[in-house]
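Have a look at the structure below, then the notes.
Here is how names work: the chains are called A, B, and so on, in the same order as the sequence lines, proteins then strands, and each is numbered from 1.
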Amino acid sequence: MAEPILDIKGLTKAYGNNVVFHDIDITVNEGDTVVIIGPSGTGKSTLLRCINLLTKANAGQIWLDGDEITAHGHNEDEVRQHVGMVFQNFLLFNHLTALDNVKIGLSKVKKLPNEVAEEKAMQELSRVGLVDRAAHYPGQLSGGQQQRVAIARALAMDPRIMLFDEPTSALDPELIGEVLEVMRNLAREGMTMLVVTHEMGFAREVANRIIFLENGNIVEEGSPDEMFNRPKYERTRSFLWKISELYGDMESEA
Amino acid sequence: MDFAKFFQYIASGTAYTVGVTLIALPFGLVLGLILSLMHVYGGKFLSRIMAVYSTIMRGIPPIVLLFILYFMVSGNINLSPFWAGSISLGIVSSAYQMEIIRGALLSVSGSQMMAARSIGMSRMQAIRHIIIPQALRLAIPPWSNEAAIVIKDSSLVYALGVPEVLRRAQLISASTQEPFLAYITAGLIYFALVFITNRLLNRLEKRLAIPANP
């Protein structure tokens with residue numbers, strides 16, 4: 001049986017009286033792709049930020065590779081090296097070339113020698129198909145290319161798990177395909193991934209499990225087949241129907 | 001009257017004027033950068049102190065501050081008027097430079113910090129490698145304004161007896177009875193220095209600009 005890489009128990013986040021999510025349990029096994037879906041404003045982004053400790057949860061525990069990272073006194077910077085994060089708006093470092101964006105974590109955080117860092121960064125860029133854009137600045141890249149560089153930047157740290165926060169939501173439709181393609185390859189290579197997305201085609205094809213989050217609670221979770229074809233709750237069915245209608249079940253890639 | 005000697009006498013003060021500026025401006029930059037980092041990232045207490053520092057320093061005429069700082073500095077350490085004056089001007093300038101850099105730090109989007117933390121950088125690493133390089137670029141245009149002010153304010157050290165351009169113009173105007181010519185000469189020298197500096201900083205801004213598609 002596969003080992004859990006990420007284990008979340010009873011995670012709760014609230015701002016004052018405003019509960020973002022409540023008592024969430026999620027387990028992600030090694031090599032699995034878990035997709036989180038749900039209406040906007042249900043705390044999906046906040047959940048991801050809590051997992052890599054960019055935001056502090058109010059209650060609950062998170063284990064990464066059997067290590068409780070929410071334990072008091074745990075080194076947060078160390079944890080984040082092992083949890084890759086891809087943001088909706090790419091958030092590349094604007095003053096650095098694509099290569100340096102990928103390289104800076106290797107040289108400044110992992111303290112690798114310059115040549116080793118550069119070679120590794122180049123490998124990651126080639127993984128996302130952007131070697132020929134290495135010397136370009138973010139402002140010179142398309143949104144799809146920027147997001148692929150952002151994925152390479154996260155991959156360079158050799159994370160145990162990759163978190164994707166609506167990675168294609170800010171992209172023009174014709175650029176979504178190239179980013180999903182990179183993610184699909186990652187899943188195939190056995191990367192463990194937790195993905196928040198509205199791309200139902202991707203979820204149906206790649207996900208091992210889909211979690212439907214609404215109003216801060218997990219409504220239902222299951223395999224794509226269970227979720228799409230025989231959901232237990234009417235709410236799940238109507239959400240999936242609506243989202244497929246809106247975003248299309250088909251991807252825009254050729 | 002020997003005009004060549006007249007002009008040469010005033011122009012030879014340029015070395016002092018440039019010298020004072022070259023000490024005061026970088027001194028104020030380093031101090032201003034440190035203070036602005038404490039202001040923005042140092043927490044409530046430090047931020048409050050920096051705000052008070054800034055308000056006081058910017059609320060007093062530079063020449064008054066120059067005298068206060070000069071007598072504070074030279075009363076405790078044996079410094080020449082040139083050095084004491086330059087450092088005092090640097091301290092005055094630090095308050096303005098702090099505000100310039102603080103504005104630049106705040107205009108680098110907070111999500112850049114989040115992205116830096118997400119790859120495992122500490123707060124300090126993120127500030128150093130991600131925030132500061134972007135902020136300093138944004139600070140160049142307002143900073144070149146401050147550079148011009150410091151060049152012009154360097155004339156204030158004449159009051160301490162430093163033989164810079166204005167001091168020399170004053171001396172020679174008294175001895176030759178040619179005040180108009182003397183001060184015009186001084187004015188042209190200051191203008192040339194400010195003009196050249198702004199040109200150089202414009203070029204620096206262009207060279208350091210982050211490439212982007214139009």
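Proximity to chain B (any heavy atom under 4.5 Å) is restricted, for A:Asn52, to the side chain, taken from C-beta onward. Using a 4.5 Å cut-off between heavy atoms, B:Ala116 touches chain A through backbone and side chain atoms alike. Of the atoms belonging to A:Val79, not a single heavy atom falls under 4.5 Å from chain B. Neither the backbone nor the side chain of B:Arg128 comes within contact range of chain A, judged by heavy atoms closer than 4.5 Å. For A:Phe87, the part sitting under 4.5 Å from any heavy atom of chain B is the side chain, from C-beta outward, and nothing else. Contact of A:Leu53 with chain B is not made at all, since no heavy-atom distance falls under 4.5 Å.
Of the possible donor and acceptor atoms, one in the side chain of A:His95 sits under 3.5 Å from a partner among the backbone N and O of B:His129.
Atom CH2 of B:Trp83 has 12 or fewer neighbouring heavy atoms from other residues, nucleotides or ligands inside a 6.0 Å radius. For A:Glu189, the CD atom counts as densely surrounded, since its 6.0 Å shell holds more than 12 non-hydrogen atoms of other residues, nucleotides or ligands. Applying the 6.0 Å contact sphere to CZ of B:Phe27 captures more than 12 heavy atoms from other residues, nucleotides or ligands. Counting non-hydrogen atoms of neighbouring residues, nucleotides and ligands closer than 6.0 angstrom, the CD atom of A:Glu76 exceeds 12 such neighbours. No more than 12 heavy atoms of other residues, nucleotides or ligands sit less than 6.0 Å from atom OH of B:Tyr16.
Nearest heavy-atom pair, A:Gln140 versus B:Ala212, reported as atom, atom and distance to 0.1 Å: CG-CA, 3.8 Å. Minimum interatomic distance between B:Ala115 and A:Arg153 (heavy atoms only, all atoms of both residues): CB-NH2, 3.8 Å.
Expressed to the nearest 0.5 Å, how far OG of B:Ser118 lies from CG of A:Leu91 amounts to 8.0 Å. Interatomic distance, A:Asn75 CG to B:Ser122 OG, rounded to the nearest 0.5 Å: 9.5 Å. In this structure, A:Phe93 CZ and B:Ile130 CD1 are separated by 4.0 Å, a value rounded to the nearest 0.5 Å. Taken from CG in A:Leu92 to CD in B:Gln112, the straight-line distance is 8.5 Å, to the nearest 0.5 Å. Atom NZ of residue A:Lys108 and atom CD1 of residue B:Ile119 lie 11.5 Å apart, to the nearest 0.5 angstrom.
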**Message:** Test side-chain contact (heavy atoms from CB on, under 4.5 Å) on B:Met114 and A:Arg49; report intermediate values, then the result.
**Reply:** CA-CA 10 Å; B:Met114 187 168 66; A:Arg49 278 174 206 179; 3.8 Å; yes

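Using a 4.0 Å cut-off between charged side-chain N and carboxylate O, A:Asp77 and B:Arg117 make a salt bridge.
Here A:Leu54 is the residue among A:Leu96, A:Leu141, A:Leu54 with the most heavy-atom pairs under 4.5 Å with chain B.
Two residues are said to be in side-chain contact when any heavy atoms from C-beta on lie closer than 4.5 Å; B:Ser111 and A:Asn89 fail this criterion.
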